[in-house]
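Have a look at the structure below, then the notes.
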Amino acid sequence: MASVKDVFEFIDSIAPFDTQQQWDNSGFLVGDIDKIVKKIGVVLDITPETIDLAAMHEVDLIVSHHPVIFKPQKSFTKNNAAYQLAVKGINAICAHTSLDSADGGVNDVLAQLLGLRRVEPFYADENETPLLRVGFVNEMNAKTLAKTVANALGHENYAVKYCDGGKPIETVAVCGGAGDSFIEDIVQADIDAYVTGEAGYHDMLYACESGLTLIVAGHFETENPIVRVLAQKLDLQFEDIQTVIIPQKPSIKYLTVE
């Protein structure tokens with residue numbers, strides 16, 4: 001049987017933890033690294049709800065994308081997810097920006113879902129590790145690309161928001177999650193469109209004024225596809241350990257006015 005350390009080392013081999021951004025907290029975050037693993041649960045976010053589901057299914061190791069401990073904490077109380085993991089004896093490995101930039105990671109999966117061709121890493125200013133990806137599509141307009149994104153990532157009562165850069169689209173950059181800080185880099189690179197999870201009002205104004213079509217498709221929606229892919233990789237690597245996907249729905253709701 002494999003241990004938590006074995007799983008950690010495998011994830012490190014496909015998404016090296018030393019490639020994470022300086023502000024990140026990827027790695028082995030909760031538990032006993034020498035503990036033998038019988039069942040792995042894979043999920044985007046470790047929350048009290050997903051911990052309860054993991055415990056119900058006798059998961060003893062959760063592998064997540066978002067770190068269960070992100071900012072420094074001075075206390076761990078009963079409502080804290082890391083505390084609940086410890087109480088229930090569940091270990092946690094979290095691969096965040098290391099998995100964003102990895103080959104076959106979050107942004108490669110997103111690019112594949114959107115049908116991008118000839119996909120390459122995009123090196124933004126002041127980032128040695130390429131988090132983003134850029135690729136090509138058959139020429140289309142902003143509305144058609146927005147529909148493509150919505151159809152690829154959509155669920156009930158889901159919507160994307162977008163601004164039209166006003167020119168035909170052939171090159172598309174993608175960044176799952178909060179990729180708003182890269183908008184200026186993408187404008188300077190003269191890329192036609194950018195798909196990311198989060199961007200503010202003034203980000204969208206700037207994009208439109210700069211001729212960039214910007215599609216904001218949701219933090220959860222742009223990153224959650226990696227869960228299935230990561231679960232498959234773990235299942236293939238550890239044949240003697242059962243790997244399951246912990247069900248999770250986005251916390252953000254969309255209300256359609258009739």
Please list all pairs meeting ring pair (Phe, Tyr, Trp, His ring centres under 6.0 Å) that have one or both residues in residues 207-238, counting only residues at least two apart or in different chains.
Phe10-Phe238, His66-His219
Does Ser101 use its side chain to pair, donor to acceptor, with the backbone of Pro130 at less than 3.5 Å?
no
Look up atom CD1 in Ile11 and atom CG in Leu99, then write down how far apart they are to the nearest 0.5 Å.
8.5 Å
Can a donor-acceptor pair be found, under 3.5 Å and without considering hydrogens, that links the side chain of Ser64 to the backbone of Asp45?
no
So NZ of Lys39 and CG of Asp60: to nearest 0.5 Å the spacing works out to 9.0 Å
Joint cluster assignment, Val229 & Ile62, ILVMFWY side-chain distance < 4.5 Å
no
Partners meeting salt bridge (charged side-chain N to carboxylate O under 4.0 Å, His left out) with Asp52 (sequence neighbours left out):
Lys88
Are Lys143 and Asp164 within salt-bridge range, i.e. N to O under 4.0 Å?
no
Does the Thr19 side chain pair with the main chain of Ala15, one donor and one acceptor, at a distance under 3.5 Å?
no
Under the side-chain hydrogen bond (donor to acceptor under 3.5 Å, both in side chains) rule, what do Thr77 and Asn80 come out as? Steps first, then yes or no, please.
CA-CA 5 Å; Thr77 57; Asn80 178 268; over 6 Å; no
With a 4.5 Å heavy-atom cut-off, do His155 and Lys249 have their side chains touching?
no
For the pair Val187 and Tyr206, evaluate side chain to side chain contact (heavy atoms under 4.5 Å, CB included) and give the outcome as yes or no after the intermediate values.
CA-CA 9 Å; Val187 168; Tyr206 170 74; 3.9 Å; yes
Write down the atom of Ala86, the atom of Val30, and the distance for their closest heavy-atom approach.
N-CG1, 4.2 Å
Verdict with reasoning, Tyr194 to Phe182, per side chain to side chain contact (heavy atoms under 4.5 Å, CB included)
CA-CA 10 Å; Tyr194 181 36; Phe182 300 113; 3.9 Å; yes
Quick one: does Asp203's side chain have a donor or acceptor within less than 3.5 Å of a partner on Asp180's backbone?
no
CG of Leu113 to CG of Asn151: how many Å apart, nearest 0.5 Å?
12.0 Å
Using the side chain to side chain contact (heavy atoms under 4.5 Å, CB included) rule, take Thr222 and Thr196 through it: C-alpha gap first, then chi angles, then the decisive distance, then the call.
CA-CA 7 Å; Thr222 54; Thr196 189; 6.0 Å; no
Just by distance, with hydrogens left out, do Asp6 and Ser3 show a side-chain donor and acceptor under 3.5 Å apart?
yes
Expected output: side-chain Asp100 to main-chain Leu131 donor-acceptor under 3.5 Å
no
Could you walk me through whether Phe8 and Phe17 pass the ring pair (Phe, Tyr, Trp, His ring centres under 6.0 Å) test, one step at a time?
CA-CA 10 Å; Phe8 173 87; Phe17 290 110; 4.7 Å; yes
